[in-house]
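What follows is a short report on a single structure.
Worth knowing before you read on, the calculation uses all heavy atoms, side chains too, and leaves out hydrogens, waters and symmetry mates. FYI, the numbering just counts along the sequence from 1.
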Amino acid sequence: MLRKILQIFLGMVLLVSSVACNAQTSTSNPRYLEDQFYVGVGYNVLFDKPGNVSQRNLSYNLQFGFIKDIPFNERRNIGIGLGLGYAINAYYSNVMATEEDNIITYGIVDEADFNRSKLGTHTIELPLEIRWRTSTAEDYKFWRIYAGARLGYVFSGRSKLVTDMGNTTFKNPDIEEFHYGLTLSFGYNTWNLHAYYGLNNLLKEGTELENGEPIDFSVLRVGLIFYIL
């Protein structure tokens, strides 16, 4: 499944990069707008993990969306961006979630006893960025620094356990519905580094392991983001 998602993502990157190059090289409009679409891929790092909890497998992020570019000055290199996006996130660890009679319990399991244990989310996001760049209407290769915040609504959150005996998956109401955090993107031309630091926890307050230890996962996301016209 992950391989298919990555193949689709790479295809999207190649397509939008080609379109962006054609559009940017042909523009001469002094009232041009920049970076109105984005696609990105990243790695989710879990912090504030309980003792003996560790990440494993590839905790990935895929995102894409549209941002309205609103320049503030005549040169149009300073402004804000307000947008709408969609993100898929997967968080793999040795914490196993099980559901029985609508009650979810969490335990730490030996890595030899399972293949993958995953928390997965599908999120609608609202990014807000303060933007600075060195672009002009004729030059589409430029430096950029975009800093801001992002609000996300999780409309689908699930737990999944994969063992040699089969798969178990269920909707997990312990996942926070609203996530918010700070973002920073910087780079040159096509390649840009992107980071997101969550200001609230991945799971709702009061979520605990079987031993009573709280699960206060916080998320740092790092990766690459591609902006296009």
Problem set entry | Evaluation steps, ring pair (Phe, Tyr, Trp, His ring centres under 6.0 Å), between Trp143 and Phe186 | CA-CA 8 Å; Trp143 290 96; Phe186 67 93; 8.6 Å; no

Seminar exercise, completed: In short, ring pair (Phe, Tyr, Trp, His ring centres under 6.0 Å) pairs touching residues 153-179 with sequence neighbours left out are Tyr153-Phe178

Spacing of [X] atom [atom1] and [Y] atom [atom2] [to the nearest 0.5 Å]:
X	Y	atom1	atom2	value
Lys49	Ile108	NZ	CD1	11.0 Å
Leu193	Ile145	CG	CD1	11.5 Å
Ser59	Tyr92	OG	OH	7.5 Å
Ile67	Gln36	CD1	CD	9.5 Å
Ser159	Tyr106	OG	OH	5.5 Å
Lys68	Leu84	NZ	CG	14.5 Å

Exercise. Between Leu119 and Leu203, is any pair of side-chain heavy atoms under 4.5 Å apart?
Worked result: yes

Problem set entry | Residue of the set Arg76, Arg144, Arg133 for which salt bridge (charged side-chain N to carboxylate O under 4.0 Å, His left out) holds with Asp69 | Arg133

For this session: Output all residues satisfying salt bridge (charged side-chain N to carboxylate O under 4.0 Å, His left out) with Arg221, sequence neighbours left out; order by chain, then residue number.
Result: none

Results of side-chain hydrogen bond (donor to acceptor under 3.5 Å, both in side chains) for [X] - residues two or more places apart only:
X	answer
Ser156	none
Tyr180	none
Asn94	none
Glu176	none

Seminar exercise, completed: The side chain to side chain contact (heavy atoms under 4.5 Å, CB included) partners of Phe72 (sequence neighbours excluded) come to Ile70, Ile80

Problem set entry | With sequence neighbours excluded, residues passing side chain to side chain contact (heavy atoms under 4.5 Å, CB included) with Asn167 | Lys160, Val162

For this session: Go through the structure and list residues passing ring-ring contact (aromatic ring centres under 6.0 Å, His included) with Trp132, not counting sequence neighbours.
Result: none

Exercise. What residues, two or more places apart in sequence or in another chain, satisfy ring-ring contact (aromatic ring centres under 6.0 Å, His included) together with Phe66?
Worked result: Phe37

Problem set entry | Phe226, Tyr227, Tyr86 screened by ring pair (Phe, Tyr, Trp, His ring centres under 6.0 Å) with Phe64, the one that passes | Tyr86

For this session: Check the pair Ile88 / His122 against side chain to side chain contact (heavy atoms under 4.5 Å, CB included), numbers first and verdict last.
Result: CA-CA 5 Å; Ile88 301 171; His122 294 260; 3.8 Å; yes

Exercise. In the hydrophobic clustering (ILVMFWY, side-chain contacts below 4.5 Å, transitive), which residues join Leu82, or is it alone?
Worked result: Leu128

Exercise. How about Asn89 and Asn44: does a side-chain donor come under 3.5 Å of a side-chain acceptor?
Worked result: yes

Show me the donor-acceptor pairs, under 3.5 Å and distance only, between side chains in residues 206-218 and residues at least two apart or in other chains.
residue : atom : partner : partner atom : Å
Thr207  : OG1  : Lys204  : O            : 2.8
Asn211  : OD1  : Glu213  : N            : 2.9
Glu213  : OE2  : Gly51   : N            : 3.1
Ser218  : OG   : Asp48   : OD2          : 2.9

For this session: Compute both the distance and the angle, then confirm whether Arg131 meets the cation-pi test with Tyr146: under 6.0 Å from the six-membered ring centre, within 45 degrees of the axis.
Result: yes

